[in-house]
Amino acid sequence: MIRKQRERGRKGSPIHIRGHIRLLVSLMKRQILCSQSKALLLLYLYKYKYNNAAALPSVGIRKLPLSAQMGSSATPADSYISEGEDHIIQDKDLLRRTDSGTTGSLHVLEDLVNRASLEADRTLCNKLLNKCTQSGQLKQARIVHAHILTSTFNDDLPIHNTILNTYVKCGSLDDAHKLFDEMPHRDLVTWTALISGYSQHDRPEEALVLFPQMLRHGLQPNQFTLSSLLKAAGAGPDPDDKHGRQLHAHCFKCGFDSNVYVGTSLVDMYARCGRMDESQIIFDALDTKNEVSWNALIAGHARKGQGEHALRLFWKMLRGGFNPTHFTYSSVFTVCASAGSMEQGKWVHSHMIKSGVNLVAFVGNTLLDMYAKSGSIDDAKKVFDRLVRRDIVSFNSMLTGYSQHGLGKETVQLFEQMLRIGIQPNDITFLCLLTACSHARLLDEGQYYFHLMRKRFKIEPQVWHYVTMVDLLGRAGLLDRADKFIREMPIEPTAAVWGALLGACRMHNNIDLGAYAAERAFELDPYDSGPYIILANMYASAGRLNDAAKVRKMMKESGVKKEPACSWVEIENAVHMFVANDDAHPQRAEIYRMWEMISKKIKEVGYVPDTSHVLFFVDQQEREVKLQFHSEKLALAFALLNTSPGSTIRIKKNIRVCGDCHSAIKYVSKMERREIIVRDTNRFHHFRDGSCSCGDYW
DNA sequence: TTCTTAATGG
């Protein structure tokens, strides 16, 4: 009790400062305080501000012309934290120079200056640390920490825990761990703060090893510890559920599994380990669920590519009376983006507008991506323009959109705009930019940006940047330069690098270099069917059927399976899938009849089936028959049967569209007066009035 | 004083 009183009146404590300010104000009112000495008031203001800002106007200090007194170095109390220690020292110097006058207040002031030690009190330190935590200012946190080390409350455990947490939130786990090691005493909060630090900053292994150590110190985890540990268990490089299961047992034993935080973390952990069934069981068993629990489950299905399931859960969540959050919308838009289901995405978008959720980058980026990936680049741009705050991901998403739609000029313009605004590009930005240059035949621009990336932005190109450069050079027909470029790469070329060269060789019919590139690709990744198929097709279309057969045999022997080609088309909120020569579809007969009719009609206006893309069909007529039933053709016939005249048709494909289909779709777009948008593995084709946006360059 | 959920590439 006595100690408490002493502490309350100690110098630096709020009461102490308040008293000083009152005294100073009264001196000032009686004209005893000379003008220079008002600097002293500023010093007190610094301290006072953080204790009770609301009380300031009542003592009239705000009316002081502080900046006039302090010259250009004047610092408003608000910016104390961000300006740091230098200014405090500066103010001290000012104080020393204060009061050369000989007023009767001299003694009083001298006394005050001496007593105005900068030692902070506990409340002030907590507030300062809090502010550092919120704004992530590590440097200031270290200064406050230094003050605390020389203070009388240095052996205080809670304040050390707060510092540790501040370091964590400022992103410096080194500082946090160092403090942890130096601390004379640690409690559960200390351990938990460090564990959660590693887990939040994506260093799961380091979080997990702390757990057994903590147990050895005789501490039992609580809900905070367990949820952090579960997050770490689900985030491992190769998330296995060994840690997860042990933790689950621990949660169960201590009865924490019914806690919302721990329960939700369990749902999330199993979902990240790919065990959706167990995730669902835990979710169902939760007495108390919140939005986060739903989001974790929905995101889990979305990540696993179970889009339909995720959407069903979304509707269920709504029916259950839960309000979707940014996270929910974000997952749902991602699902719609990868399925190319724009109609459902639009519906959810309108739902989001009605619910009043702001179009911030967090959710806007995924919405933008959804429109771009569904083929509507105009809607994507609208979303981009309306975003409340654009971040690097917003720009990257928009750049990706442009580049996939073959809009090279727009990509370059947006990139330049981004630089003007002062947003730092990252490696993904450059990947989009280079891809755009490649797709739009912007050879010089592509090479220029590749150098710029290194020189001006100090971003070391990753293997994917090299792949794109090989693609850029190769597409432009500079096959030898592309080959040389690969040989001069500072990093080892991967199968994808050689694959890019192979693709270019196919485009420019260079079989020898193509065969060489394919060999390298086989060596580096024998399990990818792509290069085998391309090479075999190249041989086949050059009439070298024996060589084609050899490649095919090689592929068979290495046990590679060709991924079946399929196409998807969305009709009235349902996505329909087609495989080549589909014979299981309920509307099969109509679809085939439809295509035969179309085929006949477009042949009359000039369509010539190109059979060079088909392997091993000796007889010309048979070749043509097989060719007719590529999945995108079936999807197109189906869409023509089931949509109203004039409406846009959007088709998604899992491999690159073949030359014959590309040609056929061009004719169909003209004849049927339809806009047809085909999304293949690396770009969009907008067919309109007989031509394609890719300019037959893909 | 300590806790859970999303997004951009090929």
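First the proteins, then the strands, lettered A, B, ... as listed; each starts at 1.
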Enquirer: Would you mind classifying the nucleic acid contact of T435(A) as base, sugar-phosphate or nothing, using non-hydrogen atoms under 4.0 angstrom?
Expert: sugar-phosphate

Enquirer: Which part of the nucleic acid, if any, lies within contact of K373(A), taking any heavy atom under 4.0 Å across all strands shown: a base, the sugar-phosphate backbone alone, or nothing?
Expert: sugar-phosphate

Enquirer: Whole angstroms only, please: what is the CZ-P distance between F256(A) and dC3(B)?
Expert: 15 Å

Enquirer: Would you indicate which nucleotide in dA6(B), dC3(B), dG9(B) comes nearest to any side-chain atom of R272(A)?
Expert: dA6(B)

Enquirer: Among dT8(B), dG9(B), dT1(B), which nucleotide sits nearest the side chain of P158(A)?
Expert: dT1(B)

Enquirer: Respond yes when some side-chain nitrogen or oxygen of K169(A) is under 4.0 Å from OP1 or OP2 of dC3(B), and no when none is.
Expert: yes

Enquirer: Rounded to the nearest angstrom, tell me the gap between atom CD in Q462(A) and atom P in dG9(B).
Expert: 16 Å

Enquirer: Are the aromatic ring centres of Y449(A) and F430(A) under 6.0 angstrom apart?
Expert: no

Enquirer: For dT2(B), does OP1 or OP2 lie under 4.0 Å from any side-chain N or O of Q200(A)?
Expert: no

Enquirer: What is the distance, to the nearest angstrom, from the CG atom on D268(A) to the C1' atom on dC3(B)?
Expert: 12 Å

Enquirer: Using the six-membered base ring of dC3(B), report whether F224(A) stacks on it, requiring centroids under 5.5 Å and planes under 30° apart.
Expert: no

Enquirer: Which part of the nucleic acid does A299(A) contact within heavy-atom distance under 4.0 Å: base, sugar-phosphate only, or nothing?
Expert: sugar-phosphate

Enquirer: So, is R390(A) near the phosphate of dA7(B), with a side-chain N or O under 4.0 Å from OP1 or OP2?
Expert: no

Enquirer: Looking for any heavy atom pair under 4.0 Å, which part of the strands does S265(A) touch: base, sugar-phosphate only, or nothing?
Expert: sugar-phosphate

Enquirer: For the base of dA7(B) and the side-chain ring of F362(A), does the geometry meet a stacking cutoff of under 5.5 Å between centres and under 30° between planes?
Expert: no

Enquirer: Write down the distance between CG (N126(A)) and P (dT2(B)), rounded to a whole number of angstrom.
Expert: 11 Å

Enquirer: Which label fits F684(A) and H405(A): parallel for a plane angle under 30°, tilted from 30 to 60°, or perpendicular past 60°?
Expert: parallel

Enquirer: Taking the side chain of D391(A) as heavy atoms from C-beta outward, which of dT1(B), dT4(B), dA7(B) is closest to it?
Expert: dA7(B)

Enquirer: Looking across every strand, which nucleic acid part, if any, lies under 4.0 Å from R186(A) by heavy atom: base, sugar-phosphate, or nothing?
Expert: nothing

Enquirer: Nearest to the I428(A) side chain among dC3(B), dT1(B), dG9(B), which nucleotide is it?
Expert: dG9(B)

Enquirer: Under 4.0 Å between any heavy atoms, over every strand shown, what does V189(A) touch: base, sugar-phosphate, or nothing? Just pick one.
Expert: base

Enquirer: In this structure, how many angstroms lie between the P atom of dT8(B) and the CE atom of M370(A), rounded?
Expert: 14 Å

Enquirer: Any sub-3.5 Å donor-acceptor pair from H250(A)'s side-chain atoms to Q246(A)'s backbone N or O?
Expert: no

Enquirer: Checking the side chain of S199(A) only, and the main-chain atoms of S228(A) only, is there a donor and an acceptor separated by less than 3.5 Å?
Expert: yes

Enquirer: Ring centres within less than 5.5 Å and planes less than 30° apart: is that true of Y261(A) and dT4(B) in this structure?
Expert: no

Enquirer: Starting from C1' on dT4(B), measure out to CH2 on W294(A) and report it in whole angstrom.
Expert: 17 Å

Enquirer: Is it true that F211(A) and W191(A) have ring centroids separated by less than 6.0 Å?
Expert: no

Enquirer: Counting only side-chain N and O atoms of S196(A), is one of them less than 4.0 Å from OP1 or OP2 of dC3(B)?
Expert: yes

Enquirer: Tell me whether the OP1 or OP2 atom of dT5(B) has a side-chain N or O from K231(A) closer than 4.0 Å.
Expert: yes

Enquirer: From CZ of F283(A) over to P of dT5(B), roughly how many Å is that when rounded to an integer?
Expert: 15 Å

Enquirer: Between dA6(B) and R303(A), is there an OP1 or OP2 to side-chain N/O distance shorter than 4.0 Å?
Expert: yes

Enquirer: Go through dT5(B), dA7(B), dT8(B) for me and flag the one nearest to the A296(A) side chain.
Expert: dT5(B)

Enquirer: Could you tell me whether Y466(A) and F485(A) have their ring centroids closer than 6.0 angstrom?
Expert: yes

